[in-house]
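What follows is a short report on a single structure.
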Amino acid sequence: MIVIVKQGATKNSIEELKQELRQKGFDIHESKGTTTTILGLVGDTSSLTEDELLTYDAVEAVRRIREPYKLANRNVHPQDTVVEVCGRKIGGGNFQVIAGPCSIESEEQITEVAKDVCASGAGFLRGGAFKPRTSPYSFQGLHGDGLKLLLEAKKATGLPVVTEIMSAAHLDLFEDVDVIQVGARNMQNFELLKVLGKTNKPILLKRGLANTLDELLMSAEYIMAGGNENVILCERGIRTFETSTRNTLDISAIPMLRKKTHLPIIVDPSHAAGIRHMVEPLSMAAIAVGADGLMIEVHNNPSKALCDGPQSLTPQAFDDLMKKINKTVAFFQGN
């Protein structure tokens, strides 16, 4: 349920309303726009009537929300959320590119790629230290040593870093990581999401391989309910009957999520297709439908990559793509 506050309502009348609602057992999420203030009520509102709320001087209107997610709901928070990381913004018209290798393999590899993507204009460096793999015999990442190498690359370039967490037990290792990624396989690891909700770090939440958009938003709600509202959603392709690509990029998810939520939305075209030559057209499509950013895999020697080489761009190919990305973003933003 959301309560729309009257324009011109006094501060005292608004505080009185909020106090009464808290006494009834509701948590309140307040969203202030340029002309409208909205109070989102979190809790069981089944016993609360619209007429009862309309008796308060500060109340203009009352609306019930059918969706189970409240904090992530655009009805509660009409303005786009902007997540700021080290002075770089994502969302609300701020477009960012996150780039780097699927897996951190060595100091030379991650630092070289970091310098290349930085020179090409990427805003963030990605790199996997903990790698969830379908086969237990595949390369699982360098773990803590990989995180140390990633942070060394950050020092060398100044790029904020994004990397995936696999377990809440590893959280202490992520103290200096700028954005914590929750991968597709952990999207519904609710105990992990609860722990991340108690942190103050931005969380990049990837959609699961076979999850609906509402399920993605409910996972975001787990994080936000813990107090951490810095959530970035990522569409990375879903599993369908099609076998010619690794996954199927759900391009329609971006405008639909834009209607449902205020959270920033980025697209991972590398994992969506799993094929190098498709990264560029899928990136252009993502920009066209309103994505707030892209996550692109880049490797200095894709043929020798320990993980996801077939979908990784070379630094030169990424540089060429960045030029097209910048022009396309400028076109759609009217710059």
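- Ion pairing of Asp80 with Arg74 is present here, as a side-chain N (NZ or NE/NH1/NH2) and a carboxylate O approach within less than 4.0 Å.
- By the rule that hydrophobic residues join a cluster once side-chain heavy atoms approach within less than 4.5 Å of another member, Leu204 and Val298 end up as members of separate clusters.
- The stretch residues 232-242 participates, sequence neighbours left out, in these side-chain hydrogen bond (donor to acceptor under 3.5 Å, both in side chains) pairs: Arg207-Glu235, Thr240-Thr248, Glu242-Ser244.
- Note on Arg126 versus Glu297: salt bridge recorded, some NZ/NE/NH1/NH2 to OD/OE distance being below 4.0 Å.
- Between Arg22 and Asp27 there is no salt bridge, since none of the side-chain N atoms of the basic residue sits less than 4.0 Å from a carboxylate O of the acidic one.
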May I have the step-by-step check of side chain to side chain donor-acceptor pair (under 3.5 Å) for Asn301 and Ser303, ending in yes or no? CA-CA 6 Å; Asn301 191 353; Ser303 64; 3.0 Å; yes
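- If you check the side chains of Thr45 and Arg64, you find a donor sitting under 3.5 Å from an acceptor.
- We find the CD1-CG distance between Ile254 and Leu233 to be 10.5 Å, quoted to the nearest 0.5 Å.
- With hydrogens and angles left out, the side-chain atoms of Asp214 and Thr212 include no donor and acceptor closer than 3.5 Å.
- Annotation for Glu107: atom CD does not count as buried by contact number, only 12 or fewer foreign heavy atoms lying within 6.0 Å.
- Residue Lys155 holds its NZ atom at 11.5 Å from CG of Leu150, rounded to the nearest 0.5 Å.
- Residues passing the salt bridge (Lys or Arg N to Asp or Glu O under 4.0 Å) test with Lys201, sequence neighbours excluded: none.
- Under the 4.0 Å criterion applied to side-chain N and carboxylate O atoms, Lys11 and Glu16 are not assigned as salt-bridge partners.
- Note on ring orientation: taking the six-membered ring where Trp is involved, the planes of His170 and His143 are tilted (angle from 30° to 60°).
- To the nearest 0.5 Å, atom CG of residue Leu71 and atom OG1 of residue Thr261 are 10.0 Å apart.
- The pair Arg63-Glu50 does not meet the salt-bridge criterion, since no charged nitrogen lies less than 4.0 angstrom from a carboxylate oxygen.
- Hydrophobic clustering of Ile, Leu, Val, Met, Phe, Trp and Tyr side chains at less than 4.5 Å, counting indirect connections, keeps Val76 apart from Met218.
- The pair Asp176-Lys154 fails the salt-bridge criterion, with no side-chain N (NZ, NE, NH1 or NH2) lying under 4.0 Å from an Asp/Glu carboxylate O.
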Evaluate Asn12 against Thr10 for side chain to side chain donor-acceptor pair (under 3.5 Å), listing each step before the verdict. CA-CA 5 Å; Asn12 287 341; Thr10 66; 5.6 Å; no
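- A salt bridge does not link Asp319 to Lys324: none of the charged side-chain nitrogens sits closer than 4.0 Å to a carboxylate oxygen.
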Verdict with reasoning, Gln96 to Arg88, per side chain to side chain donor-acceptor pair (under 3.5 Å): CA-CA 8 Å; Gln96 293 289 346; Arg88 300 164 195 246; 5.4 Å; no
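- Under the 4.0 Å criterion applied to side-chain N and carboxylate O atoms, Glu221 and Lys70 are not assigned as salt-bridge partners.
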Take Asn300 and Gln109 through the test side chain to side chain donor-acceptor pair (under 3.5 Å) and record every step on the way to the result. CA-CA 7 Å; Asn300 53 345; Gln109 173 245 16; 5.0 Å; no
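- With respect to the salt-bridge test (charged N to carboxylate O, under 4.0 angstrom), the residues Glu105 and Lys304 do not qualify.
- Applying the ring-ring contact (aromatic ring centres under 6.0 Å, His included) test to His77 and every residue at least two apart in sequence or in another chain returns His29, His262.
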